[in-house]
Amino acid sequence: MRFRILTAAAAAAVLLTSCGGLFEPLGGEVSQASGEVSQTMGAPGGEDARVLSIYNGDETLIVNTAGKVLLSGRNVSVLTDAFTREPAYLVSKRYEVKDRDEGGWVTDAATFSTLYDLNGETVRPETEGDYSLVFGDFLLVGDYSDSNTRLERLSTGETVMKDFSYGVPSEKYVGLYDSEDNELVRIDRDGNFFEPGEGPYFYSLSNTDYYVSYDNEQNLWGLLDADLNEVIPMLYENVSVTGDYALVQDQGSTRVLKLPECAEVLSTDECVTYFDGEVGIKCDWNYQFYWLTDARGERLSPYDYTVIYVLDPDVPNRAFTARTNDGAAVLLGRDGHEMLRRGNSEIYQIGNDAFTLSWYTETPEKDGGSRYTHYSTVVDSQANTLIPQGRYSWVYRTIFPGGTEILEGVKTGANNSVIDLLNPDFSVRISGLKSICSVSGNYLGVIQGFSMGVMDMDGNWIYKTSTFRTLEDE
């Protein structure tokens, strides 16, 4: 199958239907780049400066690693390119109420947006509409007052398409949809327009060597390689990939194929959801009960679990987390033995060989309410303790836009929480943070005590200001 390329003029002729959203408007005071700069040695500036956001109550401070405040106030944000996943522009918005019902609820409102470059300079003056998505040379502008969205070309300002509803980005293209969720056109990274009906849908996987393909009309699945060449034809009820294996499900059976040659290594009348060459996960076809198997598909775990989680489907997991019907959290070894079990708890994987077990206790209060105290411990795949109980209330992994991962340990108190940024070995890297708002490269947008701004990964302030600053400070 091939896509048929449309010209921009042909795409603009497509008539679509839109849908809008109504909301209670908020204040829209914005302060533009002030020139306030505080830089330390080694902080990237100029074209290499990175942009971070710090959220303080209902206000946002956007600053770069050169220590320059770019925007601050309510309803300001960073607009990230859907393809590169890197910051592309800054946006400020304000809202106007157009109509209310008899009860005072907003029934019609308008959004007004201003677009800035990454230096805080105005690129487009205020216009009615919401800048909802940017990719390459294209910008989606939603017009809530008229319930439509339009596609504009950034370099020329021309409207390429209008009267559609929303856009959905994928690895290779952005699809534009109407209010009934029908895909109308696709735009690739090079700005080419495609009719969606002329080729298969395809979806990116964690394994970047492959894409899952989908025939919308026949509801059948297949597999493509990174160059969109067919690996498995679109003939099956479901196709997925775990590591170097494809799981092909059709008519109540699963075939496990070794990629890229598609050699069959296992065939079973049961549902397989994970396979790494040594260990697999099976479940019933209603997806209610799960168990571990060996490479031949034979059962390893002694019990059925309501779910078995896999952190990374593309590598052999050292252990698996599971839950039981009675709410117990379980750590399963690769041989199917339970390494750890605790009732009324949660367990989740935060690293290749690290798992957080968390739970809470409830204490009745005199006023009839309850006080909840949270606990956690971190163990490895052999249930050896990495972080003992009592140090943190929670320990979890956070993935920020762009793919940067950090480990956070949270201590809760009577009225606030404190966060420690942890190293991979769970030693403390930066302590006493109130929040980690954003991450870009080796820099953090943080609040610590009564200060907020940008830190490097060693806890050195690149830019710092008071959390009590106001818009008038600009």
Side-chain angles (χ1 to χ4, degrees), residues 11-32 53-62 70-82 88-117 120-135 138-154 156-169 174-185 187 437 470-472 474:
V14 179
L15 298 179
L16 316 171
T17 305
S18 75
C19 62
L22 298 179
F23 44 83
E24 181 66 43
L26 302 173
E29 290 183 273
V30 175
S31 179
Q32 226 174 314
S53 301
I54 300 97
Y55 313 109
N56 185 29
D58 61 355
E59 292 188 9
T60 300
L61 174 69
I62 302 176
L70 304 173
L71 283 181
S72 65
R74 299 176 181 88
N75 308 316
V76 301
S77 59
V78 178
L79 194 58
T80 300
D81 188 289
Y89 297 94
L90 312 178
V91 178
S92 67
K93 303 176 187 178
R94 66 178 182 86
Y95 306 110
E96 286 186 4
V97 176
K98 287 194 168 184
D99 198 12
R100 296 178 183 267
D101 62 20
E102 295 179 354
W105 292 95
V106 175
T107 57
D108 195 8
T111 304
F112 295 85
S113 303
T114 305
L115 192 69
Y116 309 87
D117 64 19
E121 301 298 329
T122 302
V123 174
R124 287 193 174 190
E126 184 178 82
T127 185
E128 186 169 356
D130 180 17
Y131 296 126
S132 58
L133 187 68
V134 65
F135 53 100
F138 295 100
L139 182 68
L140 263 62
V141 186
D143 189 339
Y144 292 100
S145 61
D146 293 330
S147 296
N148 64 61
T149 299
R150 62 187 184 271
L151 176 71
E152 296 184 358
R153 195 181 296 274
L154 280 160
T156 63
E158 67 175 311
T159 297
V160 180
M161 290 182 63
K162 61 181 182 179
D163 301 330
F164 61 95
S165 184
Y166 61 94
V168 177
V174 170
L176 304 183
Y177 293 77
D178 65 17
S179 59
E180 296 180 351
D181 302 323
N182 298 308
E183 189 179 22
L184 303 152
V185 70
I187 308 168
C437 305
T470 65
L471 295 173
E472 287 71 28
E474 294 296 316

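Note that the coordinates shown come from a computational prediction; the quantities given were computed from them, not determined experimentally.
Side-chain atoms of Ser92 do not come within 3.5 Å of backbone N or O of Val76 as any donor-acceptor pair. Of the possible polar contacts, one joining the Ser113 side chain to the Gly129 backbone as a donor-acceptor pair under 3.5 Å is found. A donor-acceptor contact shorter than 3.5 Å links the side chain of Thr107 to the backbone of Asp99.
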side-chain contact (heavy atoms from CB on, under 4.5 Å) evaluation trace for Ile187 with Val160: CA-CA 12 Å; Ile187 308 168; Val160 180; over 6 Å; no
side-chain contact (heavy atoms from CB on, under 4.5 Å) between Val78 and Tyr116, worked out: CA-CA 9 Å; Val78 178; Tyr116 309 87; over 6 Å; no
Intermediate values then yes/no, side-chain contact (heavy atoms from CB on, under 4.5 Å), Tyr89 and Leu154: CA-CA 11 Å; Tyr89 297 94; Leu154 280 160; 3.6 Å; yes
From CA spacing to verdict: side-chain contact (heavy atoms from CB on, under 4.5 Å), Val185, Leu151: CA-CA 12 Å; Val185 70; Leu151 176 71; over 6 Å; no
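Taking every heavy atom of both residues into account, Cys437 and Ser53 meet most closely at CB-O, 3.3 Å. The shortest non-hydrogen separation linking Leu70 to Gly120 is CD2-N, 4.1 Å. Phe164 approaches Tyr177 most closely through the heavy-atom pair CB-O, 3.8 Å. Taking every heavy atom of both residues into account, Ser165 and Ser179 meet most closely at CB-N, 3.6 Å. A pairwise comparison of heavy atoms in Thr114 and Arg124 identifies CG2-O, 3.3 Å as the closest pair.
When the side chain to side chain contact (heavy atoms under 4.5 Å, CB included) test is applied to Phe112, the partners found at least two apart in sequence or on another chain are Arg94, Glu96, Ala110, Glu126, Glu128. Ser77 is linked by a side chain to side chain contact (heavy atoms under 4.5 Å, CB included) to Val91, counting only residues two or more places apart in sequence or in another chain. Residues passing the side chain to side chain donor-acceptor pair (under 3.5 Å) test with Asn182, sequence neighbours excluded: Asp178. Applying the ring pair (Phe, Tyr, Trp, His ring centres under 6.0 Å) test to Phe138 and every residue at least two apart in sequence or in another chain returns Phe135, Phe193. Annotation: side chain to side chain donor-acceptor pair (under 3.5 Å) contacts of Asp101 (sequence neighbours excluded): none.
Atom-to-atom distance recorded for Leu61:CG and Ile54:CD1 is 4.5 Å, nearest 0.5 angstrom. From Glu59, atom CD reaches atom CG of Asn75 across 10.5 Å, with rounding to the nearest 0.5 Å. Taken to the nearest 0.5 Å, the CZ atom of Arg150 stands 10.0 Å off from the CG atom of Leu140. For the atom pair CD (Glu152) and OG1 (Thr127), the distance works out to 7.0 Å, reported to the nearest 0.5 Å. Annotation: the span from Asp117 atom CG to Leu90 atom CG amounts to 7.5 Å, rounded to 0.5 Å.
Taking 4.5 Å as the limit, every side-chain heavy atom of Lys162 sits out of range of all side-chain heavy atoms of Asn148.
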